[in-house]
Amino acid sequence: MCNDVTFRRVGVPDLPAVGEFLLQHFHPDEPMFNMLEMSLDDIIVSDHFTLKDELGHDAAIGAFCGGELCGVVICVVGKQDYEGTVLNPHNHPKSLIEGRFYEEMLKIAADHLESEDNLIIEYLAVHPDHRRREIAKKLTKKCELLAKEYNCKHVVCIATSVYTQNILRNLEYSVARTVLHSDYVDPKTKEKPFKAFLPHLDTRIMYKYTVPLLQ
């Protein structure tokens, strides 16, 4: 393991490396996918068509150790239409449930903050060999700098794991609302779609105010 971790912007040219990294170190443990009991093949098909657009926001940071990607955070700027992915014929039906869920959570965030002028953390992942080195914390803090750069008023994260929630709490993020996964009802199917289990018992809509560079 190398000792020096460097950070830089990643974008669409980095799509193959970032996609492979998420496939190996994010998707297998991602709470929503696991609670919806989606197979890895379903996830790959659904996610491939959105990752390029998300990287196109130029709001993603990679952590590198020895020239290899060891962590990544991907953010998007402003209002996102997650349920709009229903128009994508490649999406898995369960990914549409996920989309509706995130759409609902972000609407709650926007209403609570009285603003859609926010930087939204979409992905935060660190290689298992590099965890407990505060890489996730450093990546999150870099999101706050991106928020200032893009003149966003808040950084928002729909935190579905206790690990992410703890990182954000330690960085003084506030909680707008907590939603128990066992109680959540999908507005379209009227069913409870999530299989809640530790460490994914609830979703916390978390945010932090940032001072834009341009006032």
Side-chain angles (χ1 to χ4, degrees), residues 22-23 26-54 57 59 73-125 140 143 154-169 173-208:
L22 293 175
L23 176 62
F26 180 83
H27 293 319
D29 300 316
E30 205 282 325
M32 289 290 108
F33 296 147
N34 276 287
M35 288 191 294
L36 288 168
E37 298 181 323
M38 290 178 67
S39 72
L40 198 57
D41 287 341
D42 293 334
I43 295 166
I44 293 169
V45 171
S46 294
D47 198 57
H48 174 77
F49 295 91
T50 59
L51 184 57
K52 183 176 180 180
D53 289 338
E54 290 162 344
H57 281 248
V73 63
I74 300 175
C75 305
V76 294
V77 181
K79 184 180 186 299
Q80 303 303 306
D81 182 11
Y82 290 92
E83 191 176 0
T85 57
V86 70
L87 299 176
N88 188 334
H90 301 282
N91 270 335
H92 188 279
K94 288 186 177 180
S95 73
L96 302 180
I97 296 174
E98 181 202 18
R100 288 192 292 270
F101 177 78
Y102 275 99
E103 184 85 0
E104 186 176 346
M105 296 303 105
L106 287 175
K107 185 179 186 305
I108 292 171
D111 290 346
H112 180 85
L113 300 172
E114 298 182 342
S115 172
E116 293 178 344
D117 199 12
N118 306 312
L119 186 87
I120 303 160
I121 297 177
E122 289 277 327
Y123 298 95
L124 177 61
T140 304
C143 292
H154 307 89
V155 178
V156 174
C157 182
I158 310 304
T160 56
S161 163
V162 67
Y163 303 124
T164 304
Q165 292 164 5
N166 287 340
I167 290 170
L168 297 177
R169 185 176 63 249
Y173 279 65
S174 300
V175 178
R177 186 176 299 183
T178 298
V179 178
L180 295 176
H181 293 148
S182 58
D183 291 345
Y184 177 74
V185 177
D186 177 65
K188 186 170 184 178
T189 65
K190 309 302 181 185
E191 297 177 351
K192 294 182 178 181
F194 297 141
K195 308 295 183 183
F197 52 86
L198 285 170
H200 312 304
L201 295 178
D202 60 50
T203 284
R204 299 185 187 184
I205 305 169
M206 305 186 73
Y207 67 94
K208 187 174 185 178

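- Using a 4.5 Å cut-off on side-chain heavy atoms (C-beta onward), Thr189 and Arg100 make contact.
- With a 4.5 Å cut-off on side-chain heavy atoms, Tyr173 and Thr164 do not count as touching.
- Among Asp202, Ile108, Asp111, the single residue meeting the side chain to side chain contact (heavy atoms under 4.5 Å, CB included) criterion with Arg177 is Ile108.
- Note that OG1 of Thr140 is 4.5 Å distant from CG of Leu124, once rounded to the nearest 0.5 Å.
- Residues that satisfy the side chain to side chain contact (heavy atoms under 4.5 Å, CB included) test with Leu113, not counting sequence neighbours, are Asn118, His154, Val156, Tyr207.
- Ile158 places a side-chain heavy atom less than 4.5 Å from the side chain of Leu106.
- Of the residues Lys192, Glu191, Glu104, the one that meets the side chain to side chain contact (heavy atoms under 4.5 Å, CB included) test with Tyr184 is Glu104.
- Of all non-hydrogen atoms in His181 and Ala196, the two that sit nearest each other are CB-CB, 3.8 Å.
- Contact between Ile74 and Glu54 at its shortest, heavy atoms only, is CG2-CB, 4.1 Å.
- Distance OG1/Thr160 to OH/Tyr102: 4.5 Å, rounded to 0.5 Å.
- Note that CE of Met206 and CE of Met105 are 15.0 Å apart. Values are rounded to the nearest 0.5 Å.
- Atom CG of Leu201 is separated from atom OG of Ser161 by 10.0 Å, given to the nearest 0.5 angstrom.
- Of the inter-residue distances, the one linking Gln165 atom CD with Cys157 atom SG reads 9.0 Å to the nearest 0.5 angstrom.
- Here the closest heavy-atom approach between residue Val155 and residue Cys143 is recorded as CG2-O, 4.0 Å.
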